[in-house]
Amino acid sequence: MAARDGSTMSIEFGHFALVLAFAIATMATIGGYLFWRSGARIALVLSQAAVLQFILVAVAFLALIQAFVTSDFSLLLVINNSHSLKPLMFKISGVWGNHEGSMVLWIFILVAFGAMVAAFGRRLPNDLLTLVLATQSLLTAAFASFTIFTSNPFLRVFPAPLQGNDLNPVLQDVGLAIHPPLLYAGYIGFSICFSFAIAALISGHIDQAWARWVRPWAMLSWIFLTLGITMGSYWAYYELGWGGWWFWDPVENASFMPWLTGTALLHSALVMEKRNALKIWTVFLSIITFSLSLLGTFLVRSGILTSVHTFVSDPSRGLVILTLLALIIGGAFFLFALRAASLRQGGLFAPVSREGALILNNLFLATAVGAVLVGTLYPLLLDALTGITISVGAPFFNLTFGALMAPLLLVLPFGPLLAWKRADVVAAAQRLIGAAALAVFFTILISALRGVSISLAPLGLLLGFWVAFGAFAELVERSGLGRLPLQQSWRRLVGLPRSAFTTALAHFGIGLTVLGIVSTGAWQTELVTTLNPGESVELSGFTIAFDSYEQVPGPNYTADEGRFTVTAPDGGTRNTLADRRIYVANGMSTTEAAIESYGFSQIYLQLGEPLEDTHVVRIWHKPYITLIWIGALLMALAGIISLIDRGVHIGAPRRAARLNPELAE
Amino acid sequence: MGVLVIFRRILVIDDLVLPCVGAKFPWPMIFWFIAIAVTIIACAALLYAAGSRTVNAAEPELADGNRHFGLMLAGIDVDLAAGKLSEPDAMAAKGELAREVMRFKAEAEQATPVRHELGRLPLLAGLGGIAALAFAVYAGLGSPDLPAQPLADRPQTVAQSLVLGDAFTRIEAALANNPDDLRGWTVIAPAYVQMGRFADAVTAYRRIIALSDETVDLQTKLAEALILQAQGASSPEAMTLLRSAAASDPQHVLSRLYIAAELTRQADYPTAIAAWNDVLALSRGDEPWLPAAQEGLVVAQNNGVAPTQDQAAPFSNQESEMIGQMVSGLATRLADQGGTIEEWTQLVRAYLVFGDTEKAQSAFDTAVTAYPQAFDRSDLDRLALDAGLTIKGNSL
């Protein structure tokens, strides 16, 4: 029996590897917390344990991938989520296109980060390293046990059926191969910050070196999360066929909340690294960010949420997950309440200072998270407690979130211009006059050209331009552009620390995103009509001609393909293709929209259900919509550059005009 | 790339190790050998890490701090030289830094002292715990006796039926692409009837008729598909087709049989009697349909009541036999290899049509075990409960 050809044992071996990793994580947790004071030896054992966990979970993960690739229908997971005719890439990405498999991916990334800490953390103090790795192991043990006991991906079926039920067609897209791994890397990367915070709270020992350790992890996770959310937004935009880029869907919110607190964490860790201030903020944000990440991943699976992202909902499983979340998050905050007061206060600063500005930033971001959290959870709780179903939709979020972001965006350009410890707002304002003038000029110009349909649009444009231009004020100021001869200011500009550029780039990215959001919201046009091949329509100066229609078979679906010719206002024509796919295995359909970019704007065309003798076609013109994602990508790019360039640059305190800086933090 | 390498490595273990040891030991034993070996390797790695080598000891935790402060000091000098800081600002920054260094050193001195080194006993206890936990959990959840079954390695019969399924899907796709392919339609139409996909069969026969000449056989086949689609009830279209077939070929038996049966069903007995007599007139005396036709005549003469049997057979003997073979083939295949819920539904429906409630119930029970989620079997449940079957077992 064993001599059967090829890979006869990888599934069970993968299962055993996952169980062994769980056992090692459990013991590492216990050992780490009991013996963290025992010096180098325990730190080395835990490092080794972290590496072993990584190898074993990798084996389990690869065993699943192999089962999917070889269409091994003796594995229940493969039956439920694959099909022998599915293209290879979707067989692989199908591994995590479901609850059980995505849990394994989740744990795989968790132990990968743990192994990275073990590999790069050789210079950490032993007690800190031990506590960090023990906390990582605790998380691994908790989620591995949840997976093994309630959502085991290695359940077998005998006899094995001959064909699977295929993957949800919406998920059969390159997006699934990229979006969840990126998002998970972002969520789970913050577990390192969480573990560092827990270690600091237990050992009572936190300093600038600690912040130097935490910041790159926070930055790395933030980059992943930014890219993951951006990717998810674009995926939803082109795949769901509604042309929307953000739906305030509970799961989108769940990924957005850790992003907001993660952004605050990045800024706090910066202050701590440079000025040894905002320690408690940093620890608090580390805990809350990972807690929100957990909420984000698991709220979906608890069965109390339903959305595009919901996998299976199973009440008993939901209860386990909620208990697990309550223990981890509750335990962390209990520890925080117990120990935060004992952390030594850091550098002092006046309210008006770079530190003060960053606290303001933290407050606004935290409040925004609060608003989103309420909007997401309130309907669920209301439904759970009273049975009343209400829907908190986009208007609520747009209003509250917008109202909180507006003042933050307004003061954002001031931040980088303020000095550490004590700053002069008036002087900063003077340096921003140029940016303000440019913002007003462009807002008036565009509003005049476009015609204003929504009264808030110019205000939004003003904010967007203000942030975008204001981002460069620091560079202009520090290079002495306009004050000094051009050559000299160029030399100074080139000599500026890289962090000045990354700050400017990231803030410029926010400005672009705001501009994209505002212009799409204000000037988007839409046309829903019936068309036959040979007919054409006009929208916002574009002429769209329906050329032909035919049915075409794909690998595991049949497609209705519509070919269109789009003629731009300037006369250029492009051919484009929109299709509707019916998947053979389960009869589900998806739409693949035709999207044509003109500069930063896009024509978005969707072929609807065929009617008796005609076709429903929906066409949108979305002005400057790509700025939304380009801005987000610039933010991530700024993060990447900053991560690569970890040079130290010192912020000199401005000489205090008065002594006795007020105590803050 | 790394992923690919590790991925290959698992295969290598399987390919190289198993054939060597597989000859001597039964399958689950090999699995346990490897599982124990892996556990031992993992524990040995942990033990090795705890060995008495001095790796990190010479690295005092101040080192990182010192480097950090050194870099910051250098940064101030660079900024000063570049003119980004004025002299007094630089002095203030250095003063600040010096205070920070002093604080840091004071803190490091009172940092957590090493209590006692990790002893051998707790280490060994931990390793024992790892092995015990891993094997206990795996023994409870795993299926060590179940080897993987990649589709390509499945036994011959299975592979063939898969190839058939593959070929079927390919033909369908090709037909969608090129709906004028007469051969494709001719192959696929009877298969549709066999699979119970009568609506598709109707479409297929219509295509064939449109692409070729309308023969009496094709007309009858289409009518048959239409009748099956209507679950035994005839449609005016089917009758028109049958009459046209019978009219154009006076010797065509099958169409006349259907006409006679349909007239009997419609209780038009005088016409039915004439129709049955027409068919019987075509007989040479040894046809397999003869008994069915004689019985039909008796039923029609008896005003719809079958005197000798409880039930008039809805199918001729030959047909019953064929259908019976098909059903038992399906039943055997489903019992051996499992199948989709649609196939189970088909089987249960077939038994119900034959009036074999017992077999229907037992097939339904097996289907419920194979698909315990009620969500998966909505159609089957509806069919079964309508027919008075009951849900047993672990239905959810």
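Per chain, numbering begins at 1; letters A, B, ... match sequence-line order. Computed from a predicted model, the values in this text were never measured in an experiment. The basis for the numbers below is simple: all heavy atoms, side chains too, and nothing from hydrogens, waters or symmetry mates.
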Exercise. What is the minimum heavy-atom distance between Ala60(A) and Gly14(A), and which atoms define it?
Worked result: CB-O, 3.3 Å
For this session: Measure across Ser145(A) and Phe22(A) and return the closest heavy-atom pair with its distance rounded to 0.1 Å.
Result: CB-CE1, 3.4 Å
For this session: For the residue pair Tyr48(B) and Gln48(A), confirm or rule out a side-chain donor-acceptor distance under 3.5 Å.
Result: no
Given heavy-atom pairs under 4.5 angstrom as the criterion, report whether the side chain, backbone, both or neither of [X] touches chain B.
X         : result
Ile24(A)  : both
Phe154(A) : neither
Leu56(A)  : side chain

For this session: May I ask you to name which of Gly126(B), Gly142(B), Gly129(B), Ala45(B) has the most heavy-atom pairs under 4.5 Å with chain A?
Result: Ala45(B)
Problem set entry | Backbone N/O of Arg212(A) and side chain of Glu273(A): donor-acceptor pair under 3.5 Å | no
